[in-house]
Number of protein chains: 2
Amino acid sequence: MNDTSSIQVIDRMVAVLDALASVDKASLKQLAGMTGLHPSTAHRILAAVAAHGWVVRSADGGYQLGSGLSRYARRTDQQDRLRQLALPLMAALRDQTGETVNLVMRDGDEVVYTERAVSRQMMRVEQMIGSRAPLHVTAVGKLMLADAGREACMAYAERTGLPGFTVHTLTSPTLLWQDASRALVRGYAFDNEEAESGIGCIAVLVRDSEGRVLAGLSISAPRERRRDEWAGNLLEVAGRLSGQMG
Amino acid sequence: MNDTSSIQVIDRMVAVLDALASVDKASLKQLAGMTGLHPSTAHRILAAVAAHGWVVRSADGGYQLGSGLSRYARRTDQQDRLRQLALPLMAALRDQTGETVNLVMRDGDEVVYTERAVSRQMMRVEQMIGSRAPLHVTAVGKLMLADAGREACMAYAERTGLPGFTVHTLTSPTLLWQDASRALVRGYAFDNEEAESGIGCIAVLVRDSEGRVLAGLSISAPRERRRDEWAGNLLEVAGRLSGQMG
DNA sequence: AAATTTGATTTCACGATATGAAATGATATA
DNA sequence: TATATCATTTCATATCGTGAAATCAAATTT
């Protein structure tokens with residue numbers, strides 16, 4: 001890893017930590033050798049990161065990665081784990097319904113399509129992974145707005161002005177809140193051609209064990225092929241995911 | 001967190017990452033405010049860590065912790081998770097057998113007692129958490145030696161000289177290898193007063209899904225109370241733990 | 001549209017700070 | 001005991017990170 005950024009010490013520190021991650025445990029000399037750093041420099045860097053619990057020293061003086069690093073990983077690890085756990089379940093859901101299944105996460109005032117299992121039919125709905133959409137035009141987004149509460153939802157409406165995408169887009173704050181809050185209570189939300197004409201969705205939220213929203217799960221299909229019964233399947237998968245996430 | 005180590009930038013970087021970890025997402029100005037750093041400094045530090053994937057920028061320019069950090073956390077997180085998962089199972093095992101159950105990890109040429117469920121009987125075996133013992137005098141240690149292979153076991157024997165702790169300690173390299181390798185095949189190992197007179201153990205290994213050894217699980221009891229049947233219980237718990245560890 | 005504000009980013013001269021050679025300590029090895 | 005090996009500390013030096021200020025980019029107001 002010879003990436004170089006603007007701060008030398010940080011690059012070197014990353015090199016040391018990477019070296020340490022690749023071997024579980026190492027002596028100062030080994031680490032200095034692996035990174036090409038002067039032992040004195042490696043020592044100083046290790047002492048600095050050790051002071052923050054990022055590395056610990058075992059009885060024989062060897063260095064190991066410490067538990068202090070896990071506080072940063074929790075969130076991102078959780079997302080990776082969720083993705084991994086979700087993928088097979090999403091594929092199964094795609095096979096049951098024949099339609100595209102999306103795993104969607106929130107970023108600011110948008111949802112991001114994070115993972116998907118694409119329908120195998122000729123006519124199908126397909127979002128690019130990484131693509132984005134405003135909260136109020138997607139089924140998942142509406143659930144997330146509702147979950148954030150009336151106040152936050154209204155603030156969102158004011159902030160964005162609820163731009164219309166189709167004639168069906170909910171562009172009135174009160175209508176949006178009504179629709180969203182009802183969906184939240186019900187447990188699943190619809191998108192009736194609110195983002196794109198001819199396309200309909202059903203979505204549910206995936207939560208962690210403390211009830212915090214991690215992501216949304218949705219099925220996107222041509223409007224006339226969408227079946228309301230799929231809500232049940234979605235809820236079951238979401239429940240299973242919630243259970244599997246610590 | 002005003003810990004100060006020997007390297008200023010690293011302290012500041014930790015402060016920035018901690019701030020970021022506490023809020024999920026933040027702007028440059030917010031982070032500079034939270035850490036008391038000059039925006040310019042915060043910006044440079046963020047750019048440096050971003051170059052290594054430690055933080056990422058979302059669509060609206062906000063900073064978030066990135067997945068680049070998870071590579072460091074995997075190992076230590078795994079240990080924490082194992083401990084958490086093991087504790088209730090260990091308590092159940094303690095209640096079934098009435099004896100002390102230990103979760104033991106390897107560190108160099110020693111095993112470390114990491115977690116335990118202590119027997120409630122008047123006469124019981126009790127190791128301090130964090131205490132250590134050489135590999136060849138413990139049941140878990142012998143399994144780990146065998147798992148590392150004949151060569152590594154012999155190297156260990158040469159390196160340490162297999163110091164004797166009791167008259168029962170295996171101080172001959174070939175006897176040690178025989179005993180250990182047989183135990184590995186069988187799936188569980190005994191310690192017949194090899195570490196301390198009057199104390200006997202049974203132990204098994206806990207592995208991850210790829211078969212790597214994560215830890216050992218042992219029951220320690222006064223020699224005459226030890227029951228060979230406990231091996232079955234231990235194996236069942238170890239298997240369940242292996243299954244629950246990704 | 002133009003003007004204003006706010007925040008992000010870049011620049012740059014300065015001096016604090018990380019550097020690494022060498023000395024010292026601490027342990028293992030012969 | 002002597003010798004070697006590795007970890008740690010010291011310290012003079014120049015490098016490297018710093019932060020004030022300038023610039024750039026957007027959002028907001030007039």
Side-chain angles (χ1 to χ4, degrees), chain A residues 3-17 19-20 23 25-52 54-64 108-110 134 155-161 163, chain B residues 3-17 19-20 23 25-52 54-64 108-110 132 134 155-163:
Chain A
D3 299 19
T4 187
S5 69
S6 49
I7 301 187
Q8 194 190 46
V9 219
I10 288 182
D11 293 338
R12 293 177 163 185
M13 178 201 65
V14 171
V16 169
L17 290 175
L20 207 43
V23 295
K25 184 174 173 180
S27 69
L28 175 64
K29 206 192 179 196
Q30 289 174 313
L31 289 171
M34 285 191 263
T35 55
L37 293 173
H38 194 281
S40 161
T41 304
H43 180 262
R44 208 162 352 94
I45 290 175
L46 282 163
V49 293
H52 296 283
W54 286 19
V55 311
V56 294
R57 316 205 52 178
S58 61
D60 59 359
Y63 291 92
Q64 290 178 265
D109 284 346
E110 298 174 312
Y156 166 85
E158 182 150 357
R159 194 160 58 234
T160 64
Chain B
D3 300 21
T4 188
S5 69
S6 48
I7 301 187
Q8 194 190 47
V9 220
I10 289 183
D11 294 338
R12 292 178 162 185
M13 179 200 64
V14 171
V16 170
L17 291 175
L20 207 42
V23 295
K25 185 173 171 180
S27 70
L28 175 64
K29 204 187 181 199
Q30 289 175 314
L31 288 170
M34 284 191 261
T35 55
L37 293 174
H38 194 281
S40 162
T41 304
H43 180 261
R44 208 162 350 94
I45 290 174
L46 282 164
V49 293
H52 296 283
W54 286 18
V55 311
V56 294
R57 315 205 52 178
S58 61
D60 60 357
Y63 291 91
Q64 290 179 266
D109 285 345
E110 299 175 311
R132 292 159 177 274
Y156 167 86
E158 182 151 354
R159 195 162 56 236
T160 63
L162 304 183

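Letters go in sequence order (proteins before strands), and every chain restarts at 1.
- Within 4.0 Å (heavy atoms only), Arg159(A) reaches no atom of the nucleic acid at all.
- In the region residues 35-42 of chain A, proximity to DNA chain C at under 4.0 angstrom, judged on heavy atoms, holds for His38(A), Ser40(A), Thr41(A).
- Checked against dT19(C), dA7(D), dT18(D), the side chain of Arg57(A) finds its nearest nucleotide in dA7(D).
- Taking atom CD1 of Ile10(B) as the reference point, atom P of dT17(C) lies 14 Å away to the nearest angstrom.
- No hydrogens or angles were tested; on distance alone, nothing pairs the side chain of Arg12(B) with the base of dG17(D) as donor and acceptor under 3.5 Å.
- Here dA18(C) presents its C1' atom at 15 Å from CG of Leu46(A), a figure rounded to the nearest Å.
- Annotation: the span from Leu17(B) atom CG to Thr35(B) atom OG1 amounts to 10.5 Å, rounded to 0.5 Å.
- At the phosphate of dG17(D), neither OP1 nor OP2 sits under 4.0 Å from any side-chain N or O atom of Gln8(B).
- Under the rule for a salt bridge (Lys or Arg N to Asp or Glu O under 4.0 Å), Lys29(A) has no partner lying at least two apart in sequence or in another chain.
- At the phosphate of dC6(D), neither OP1 nor OP2 sits under 4.0 Å from any side-chain N or O atom of Ser27(A).
- The distance between atom CD1 of Ile7(A) and atom P of dT17(C), rounded to the nearest whole Å, is 14 Å.
- Of the candidates dG7(C), dA18(C), dA7(D), the closest approach to any side-chain atom of Val9(B) belongs to dA18(C).
- A straight line from NZ of Lys29(B) to C1' of dT9(C) spans 15 Å, rounded to a whole angstrom.
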Short heteroatom pairs, N/O only, protein and nucleotides 28-30 of chain C, under 3.5 Å:
none

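- Counting only distance, with no hydrogens or angles, the side chain of Thr41(B) and the backbone of Leu37(B) share no donor-acceptor pair below 3.5 Å.
- Partners of Ala26(B) according to the side chain to side chain contact (heavy atoms under 4.5 Å, CB included) rule, which considers only residues two or more places apart in sequence or in another chain, are Leu20(B), Val23(B), Gln30(B), Leu31(B), Met34(B).
- The heavy-atom pair separating Tyr63(A) from Ser27(A) by the smallest distance is CD1-C, 4.4 Å.
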| Residues Met13(A), Met13(B); criterion side-chain contact (heavy atoms from CB on, under 4.5 Å); working and verdict | CA-CA 11 Å; Met13(A) 178 201 65; Met13(B) 179 200 64; 3.5 Å; yes
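- Atom pair Ile45(A):CD1 and dT9(D):P shows a separation of 16 Å (rounding to whole Å applied).
- Across the protein-nucleic acid pair, Leu28(A) atom CG and dT27(C) atom C1' stand 15 Å apart, rounded to whole Å.
- One can place CE of Met13(A) at 12 Å from P of dT19(C), the figure rounded to the nearest angstrom.
- Legend: residues meeting side chain to side chain contact (heavy atoms under 4.5 Å, CB included) with Pro39(B), ordered by chain and number and at least two apart, are Ala32(B).
- In this structure, Arg44(A) reaches the dT19(C) phosphate: one of its side-chain N or O atoms is under 4.0 Å from OP1 or OP2.
- Residue His43(A) places at least one side-chain N or O closer than 4.0 Å to OP1 or OP2 of dT8(D).
- Here dA27(D) presents its P atom at 13 Å from CG of Asp109(A), a figure rounded to the nearest Å.
- By the side chain to side chain contact (heavy atoms under 4.5 Å, CB included) test, Glu110(A) is found to be paired with Arg132(A), Ala59(B), residues two or more places apart in sequence or in another chain being considered.
- Shortest non-hydrogen contact noted between Arg12(B) and Ile45(B) is CB-CD1, 3.7 Å.
- Scanning for side chain to side chain contact (heavy atoms under 4.5 Å, CB included) contacts around Ser40(A) gives His38(A), Arg44(A), with sequence neighbours left out.
- Direction change of the helix axis from one end of the helix from dA1(C)-dT30(D) to dA30(C)-dT1(D) to the other is 30°, with five pairs defining each end axis (rounded to 10°).
- Side-chain contact between His52(B) and Asp11(A) is present, with heavy atoms from C-beta onward closer than 4.5 Å.
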